[in-house]
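Each ligand, and each atom within it, is numbered from 1 in the order the structure gives.
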Amino acid sequence: MADTVLYSREDALATVTVNRPDALGALDTATKTALRDAVTEAAEDPHVRAVLLTGSGRAFCVGQDLREHAAALRAGATDPLGSTIDAHYTPIARTLTTMPKPVVAAVNGVAAGAGASLAFACDFRVLARSASFTTAFTGIGLTADSAMSWTLPRLVGTARATELLMLAEPVSADEALRIGLATDVVDNDELDERARALASRLAHGPTRAYAAVKESLRVSAEGSLDDTLHTERRLQSELGATTDHQDAVEAFTAKQTPEFTGR
Ligand code: T3D
């Protein structure tokens, strides 16, 4: 894995850090490949029950490395955008949105283009007060990728998503909180502790119930009322047989705090 992405696991919490501070976390090919591999590892490792995604330096991630992209265009590369979307952006966005465990973005600074898409694909966004979002795509004559056309309207509604995508104005942390793009905004020096506390709480929660919440919300976003009711019924039946559910019910009746193991 390239050192422009750091991966670590502490107990049940995996941390993925985009680590190109000198390039504001811009995604060149090595970084995109490493990021894809890191989120896949976090998704597939059964010991991992929650994931924290963050950046280093003054940016979370400013999306595609435009210097690398400009060089590819100058060299006459055939469909460089389609190729990297297939190889990198789509797998990363799909893994973040569908992995059966919660993902918390600790947004430490500016998140632009596909960098903002990454944050929107997470289940929670804790923002440093100095952080901001910029959709950025139309500023360089592109449309959204990395599932932003799917995540953004679900977070803020279609009218606001249209405005954010077409006008591509920066959204401050406070404004992000106001319009539903942020879970919380905290002082810069508290970001790591506060985002980690949330992720750690989730890592010790009922993992299979969280996975079911993600799945049924995804089905409800894409499907009909009937699809949603069938999915809820199937997931609830499966959860009824889990150790976490059975132990939690026993704990409730005994007036004790449940301890979830993720099984
Ligand atoms: O292959 C494909 O292209 C398909 C995939 C597309 C996915 C995408 O993500 S497309 C969107 C790409 N991202 C952008 O368009 C964002 C471009 N950057 C900006 O709009 C601004 O830089 C920011 C709003 C992010 C930050 O503004 P500010 O004022 O804080 O910083 P700055 O002065 O603009 O930038 C600082 C440096 O970072 C500067 O370099 P320099 O002059 O110090 O040598 C700037 O060029 C560089 N930088 C910023 N963003 C990128 C970048 N370098 C490469 N790629 C970037 N995306």
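Which parts of ligand 1 touch Ile140 is read off a 4.0 Å heavy-atom cut-off, strictly below it: atoms 10 (S), 11 (C). Close contacts of ligand 1 with Gly63, meaning ligand atoms under 4.0 Å from a residue heavy atom, involve 9 (O). Near Gln64, meaning under 4.0 Å from any of its heavy atoms, are these atoms of ligand 1: 1 (O), 2 (C), 3 (O), 5 (C), 6 (C), 7 (C), 8 (C), 9 (O), 12 (C), 55 (N), 56 (C), 57 (N). When each atom of ligand 1 is checked for a heavy atom of Gly113 under 4.0 Å away, the hits are 9 (O), 11 (C).
Below 3.5 Å of separation, one finds an N or O of Arg67 facing an N or O of ligand 1. Considering backbone and side-chain atoms together, Ala114 places an N or O closer than 3.5 Å to an N or O of ligand 1. For ligand 1, the polar-atom distance check finds no N/O of Ala136 at less than 3.5 Å from any of the ligand's N/O atoms.
Surrounding CD of Glu259 are at most 12 heavy atoms belonging to other residues, nucleotides or ligands under 6.0 Å away. Around CD of Glu10, the count of heavy atoms belonging to other residues, nucleotides or ligands within 6.0 Å does not exceed 12.
Contacts with ligand 1 closer than 4.0 Å are made by no heavy atom of Leu27, backbone or side chain. At a 4.0 Å heavy-atom cut-off, ligand 1 does not touch Ile85 at all. Residue Thr84 touches ligand 1 through its side chain alone, judged by heavy-atom distances below 4.0 Å. Contacts between Leu24 and ligand 1, counted as non-hydrogen atom pairs separated by less than 4.0 Å, involve the side chain only.
Counting protein heavy atoms under 4.0 angstrom from atom 34 (O) of ligand 1 gives zero. Protein heavy atoms are found inside the 4.0 Å sphere centred on atom 40 (O) of ligand 1. For atom 9 (O) of ligand 1, a protein heavy-atom neighbour is present inside the 4.0 Å cut-off. Less than 4.0 angstrom separates atom 13 (N) of ligand 1 from at least one non-hydrogen atom of the protein. Note that atom 43 (O) of ligand 1 has no protein non-hydrogen atoms nearby, at separations under 4.0 angstrom.
Side-chain contact annotation: Thr207 with Arg49, donor-acceptor N/O pair under 3.5 Å present. In summary, the side chains of Ser237 and Arg233 do present a donor paired with an acceptor at a separation below 3.5 Å, with no hydrogens or angles considered. Side-chain contact annotation: Ser220 with Thr228, donor-acceptor N/O pair under 3.5 Å absent. Between the side chains of Thr29 and Glu68, at least one donor N or O lies within less than 3.5 Å of an accepting N or O. Of the N and O atoms on the side chains of Asp11 and His204, at least one donor lies less than 3.5 Å from an acceptor on the other residue.
Scanning all protein heavy atoms for the shortest distance to atom 4 (C) of ligand 1 gives Leu81 CD2, 3.4 Å. Protein heavy atom at the shortest distance from atom 51 (C) of ligand 1 is Val62 CG2, 3.6 Å. Of the protein's heavy atoms, Val110 CG2, 4.5 Å lies nearest to atom 23 (C) of ligand 1. Protein heavy atom nearest atom 17 (C) of ligand 1, with residue, atom name and distance: Leu66 CD1, 4.1 Å. Nearest non-hydrogen protein atom to atom 5 (C) of ligand 1 is Asp145 OD2, 3.4 Å.
Listed for the Thr31 side chain is no donor-acceptor partner under 3.5 Å among the backbone atoms of Thr4. No donor-acceptor pair under 3.5 Å is formed between the side chain of Arg9 and the backbone N or O of Val48.
Note on Met99 and Phe260: separate hydrophobic clusters, where clusters join Ile, Leu, Val, Met, Phe, Trp and Tyr whose side-chain heavy atoms are under 4.5 Å apart, directly or indirectly.
The closest approach between Arg58 and ligand 1 falls below 4.0 Å for a heavy atom of the residue.
Between Asp123 and Lys214 a salt bridge is recorded (basic side-chain N to carboxylate O distance below 4.0 Å). Taking the charged nitrogens against the carboxylate oxygens, Arg234 and Glu238 do have a contact shorter than 4.0 Å, which makes a salt bridge.
Under the 6.0 Å cut-off for aromatic ring centres, Phe120 and Phe133 qualify, their centroids lying closer than that.
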